[in-house]
Amino acid sequence: MGPETPSTASISSPQASSGQDRVCANCKERFTLDPDDFSFYQKIEVPAPRFCPACRNQRRRAWRNDISFYKRQCDLCKKNIVSLYSPDKTLTVYCQKCWWSDAWDPKAYGRDFDFSRPFFEQYRELQNVVPLIALMNDDGIGSINCEYTQNVSSAKNCYMVSSSWKNEECAYDMQISGPELREVFDSLDIFQKCEMVYDSIFLESCYRVRNCYRSFALVDCAFCLECRDCQDCFMCVGLRRKRYCFKNKQYTKEEYEKILAEYRLDTWDGRERARKEFQEFILEYPREFAILRNCVNCTGDQMFNCKNMKYSFNVRGSEDTAYFENGNIIKTGYDMATGGENEECYEGITPDNDYRALFTIFSWKNSHAEYCENCHSGQNLFGCSSLRGAKYCILNKEYTKEDYHELRIRIVEHMKKTGEYGEFFPAKLSHFCYNETTAQMYFPITKEEALAKGYRWQDSFQFTTGKETIKVEALPQTIAEVGDGIMKEVLACTNCKRNYIIVHQELQFYRRMNLPLPRQCFYCRNDERMRLRNPFRLWQRQCDCKGAGSTNGIYANGEPHFHGEKACPNTFQTPYAPERPEIVYCEECYQAEVV
Ligand SMILES: [Zn+2]
Ligand SMILES: [Zn+2]
Ligand SMILES: [Zn+2]
Ligand SMILES: [Zn+2]
Ligand SMILES: [Zn+2]
């Protein structure tokens, strides 16, 4: 891929060795660097990291704002826009149209590197003045009618969607990636070939489903977990190739339809009853220790068609990569919070179609970009912000090819002396307050803890309360009773009191799917899904199968297992922490039960 490799003459490489114990420079916990880790760092010529994997992830995520949106002005055309950057921040923010236009020149902010000062300080000064893009999406270029989306590309008619691509007619989602993804609402971690999906987590190839989790190839199902190739199933766990099942029991079509009708899933009360019953019911059955479908030599969860992936989550079609979350087609990389179709990338927030993007934030279609933010279709960039189609630039200043390589090597040497090279941008320097970012979703801390660590804290998210024009208690039970007038009303979330509205697109969807109106705002709905989803963390655990059934005595095996009457000796890495109530089975015991 990459058009050329910069000269490496003076870059020293870390010594390869067997596993090495280190102490994290941040949390002081011990962590191990494997020989595989060293070969990767050697390959991309960076020193081994000083932070443990979790602290690296937290530091990256402190730069990643997915859903904290604000109203502010475009600093160029002065139009009112929606942006990731709150208006109180002293940053220059342009709307999509202005940012992608030729009305301004990012290279006009170019500057010399000062060898008497640290790099991050100088880079932060550049970031303070170079215009940022209000929301990072390709609306009007690769996407159509996706103005209110963040980190979205190649999409059509989407609203309030983040970290997603190749999807159409979707709203209120995070991390959904096509192709062939249509009408997915209120969902998380949805992969290709899904249509008409509501309030679900981790699905592939599903049609007309609601409240389904960790399942593939479902049609007309509701409240199902770890089911595959099923149709017309309601409240089931771990079924394969079944139809007309309720609570894992087989019924006739007529019986099934009667049960389903009795639950009144079209009403708010019916939905709530089913939701509560389902949460209790699923604890009676064993779970697969992790979903690694068609994967070889992988640790993590929510993964398919992968090879040699370590500690990675929500990923499809990737190989030789570690500490990766959310995306597909990744080759030989480490440490990314979302990404797609990239190779040899390290420490990135959405490197997309990149080769060798190291320490980057929204690096799309670049090769050899280091310490860059929002640079697109460029080559050989170091410490740059908001460049498009640029080559051989350092701090937004262009050099000849020879001068670029020479200066880059000197800066890297300088940064090794200051302890900066090989580390991502410090969280303290982030554009965002800690609680505006996904760091707060994945590593929640209190305001006091955040301030003590030198992070900033957002006290004034822009939203209103008390402006509701209709009481949620007055909302009809079913969507059939809701008229178009609802789009003119302001509602108040039953949980956080935040005002929210119903947009045309979602009203249409609720009608098509016969769903009651939501009683909570998108933020509370999203929080609830994040709570229901397994964490993107792993624990070493032993199989919960003790011979004839589960260790907690709740589940009895359907048939004898390979380990006979003794407890299963298998151990594994799983996202289910040992203290959790779920019954967690190893691959062999699980497969014996879900025939
Ligand atoms: Zn640490
Ligand atoms: Zn503008
Ligand atoms: Zn709320
Ligand atoms: Zn087992
Ligand atoms: Zn067993």
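Order of appearance sets the numbers: ligands from 1, and atoms from 1 within every ligand. A quick note: this is a predicted structure, and the numbers were derived from the prediction, not measured.
- Centred on the Zn ion (ligand 2), the angle running from C98 (SG) to C74 (SG) is recorded as 110°, rounding to 10°.
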Side chain to side chain contact (heavy atoms under 4.5 Å, CB included) between C545 and E593, worked out: CA-CA 11 Å; C545 180; E593 292 306 302; over 6 Å; no
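- Geometry at the Zn ion (ligand 5): ND1/H561 and SG/C589 form an angle of 110°, nearest 10 degrees.
- Geometry at the Zn ion (ligand 1): SG/C24 and SG/C27 form an angle of 110°, nearest 10 degrees.
- At a cut-off of 2.8 Å, C545 is counted among the residues with an N, O or S atom near the Zn ion (ligand 5).
- Ion pairing between R228 and E288 holds under the 4.0 Å rule for side-chain N and carboxylate O.
- A cation-pi arrangement is present between R61 and Y442, with the terminal nitrogen or guanidinium carbon under 6.0 Å from the aromatic centre and inside a 45° cone about the axis.
- Taking 4.5 Å as the limit, some side-chain heavy atom of E325 sits within range of a side-chain heavy atom of N57.
- Atom CD of E125 sits in a crowded spot, with more than 12 heavy atoms from other residues, nucleotides or ligands closer than 6.0 Å.
- When you scan the N, O or S atoms of H563 for the one nearest the Zn ion (ligand 5), you land on NE2.
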